[in-house]
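Values reported hereafter were calculated over all heavy atoms of this structure, with side chains retained and with hydrogens, waters and symmetry mates removed. If you're wondering where the values come from, they're calculated on a predicted model, not measured in any experiment.
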Amino acid sequence: MSMNPDIYLLYEYMEKVPFTVRMKACLDSKIDKELLTKAAQEAISRFPYFSVKAGLDEGQNYTLNHNDKPIVVMPETDKRLTLGSDEVNGHLFAITFRDNCIWFNYSHAICGGTGGLFWVKTTLYQYMIKKYGPIAAPKDLKLPGTPVTDGELYFPDADKLPDDEPISRYTGGDSNLQLGRFLKYLLNPFARDCYYYQIDIPARDLLKYATEIDGSPNTILTAMMFKVSSKMFKEKKGTFLSGKIPDDYRKDIGADHSYRDFVRFIHVRYEWSMKDESVEKLNMRARGAVIAQNQPELSFERFKKLERNHKGIDEQPTLKEKKKYASKNSTFRSDPRDTYVVSYVGQTDWGGMDEHIKGFYSITDGDLMLEVNALKDIFCITFQLVSKDRKPLDLFLEILDEENIPYKASGRYTRHMPKIKLPVK
């Protein structure tokens, strides 16, 4: 491949769907700007692949060039940041803070949740040892001054991956019931930032419940969100409801330690006739879908499709045509359309930082989308919606009550997803 793999999602950028991510860490004391600023500069020095600015070469290809300006640390405001702008020194990564919370803002083109956590952990660790003194480090912490490993930078060669046909694949099709809500989101500028609620569930209670019904956080929440959706949407002949579970496939392709984003999706189709089933039974249906679609052959297929997409973009002669090709051949947009999404990154090792982190939330684009993070003692869920109507949230909380799962739910927050300023022809 001739180009940097990190540039290609930039061609799909739209102002209302910018492919950006925010990670929000809430600590046990007010944020010290001076200490955070020092920590941020130390941390970003460990990640040269994140310390970049977007450019445009003679062939009208996006480039990512080294950015030696300081990473910006600034107060959180009730407006969207513009990554890549002078406001953030041209960086595609920026940090904001308010009271006891820190927001880590970045472009999804360069990395997803796994790679983003590399940077977040290092920044938080450098900050905490300045503020609190010595702290036990997570086992996977990447300290400033340590070398970037080959594993971090690894990007597979698609030609060296097997071409074996998977035993089975998802053939359930699109769930079109969500389409109207999504179009409203795209067309309504007032709602473009959208909203989220924070839900904290004690880890011991959720894991006990999962053990009792032979589930995982992903499958349990997928089952619960089907029950929510079945009460939200009107039953129509020939329609169904389905959930999407992002699945990190880096291990399948030998990229276990890469900062780059390697995600495909597992789809769980539910019929209207299942709406009165118990969460336990619906959970087993979700488990079956995960088992059936958990095949390395599907991962190889996904990566090969991704690389074909990259090569096709490279072949287009102008920036306009590259963007058009990227949009029409997007690996994300060609996936089956589902009613809702449940995304759980798994247990995160925070070392001794756990003592000072009171909540950690991932904020992304999407409607009826749950982002789930696990601290040692609590699961932190970001319940994301495209409107101020909190009926879906209330239905979800009712199910937690019915299943005797304790929780604490916040009020409504606005997402304020960052925009990106990209070079033009």
Query raised in the report: Can a donor-acceptor pair be found between the side chains of T318 and Q60 at a distance below 3.5 Å?
Result: no

Report task. Would you check if there is a donor-acceptor pair between the side chains of T114 and D248 at a distance under 3.5 Å? Result -> yes

Cation-pi check, [X] to [Y]: give yes when NZ or CZ is under 6.0 Å from the six-membered ring centre and within 45° of the ring axis, no otherwise.
X    : Y    : value
K323 : Y11  : no
K419 : Y13  : no
R412 : Y195 : yes

Salt bridge between [X] and [Y], side-chain N to carboxylate O under 4.0 Å?
X    : Y    : answer
R260 : E152 : no
E165 : R169 : yes
R22  : E76  : yes
R285 : E277 : yes
E315 : K311 : no
K275 : E235 : yes

Report task. May I ask you to check whether W272 and F240 place their ring centers less than 6.0 Å from one another? Result -> no

Query raised in the report: Taking only residues at least two apart or on different chains, which pairs with a member in residues 331-356 satisfy ring-ring contact (aromatic ring centres under 6.0 Å, His included)?
Result: Y132-H356, Y344-F379, W350-F360

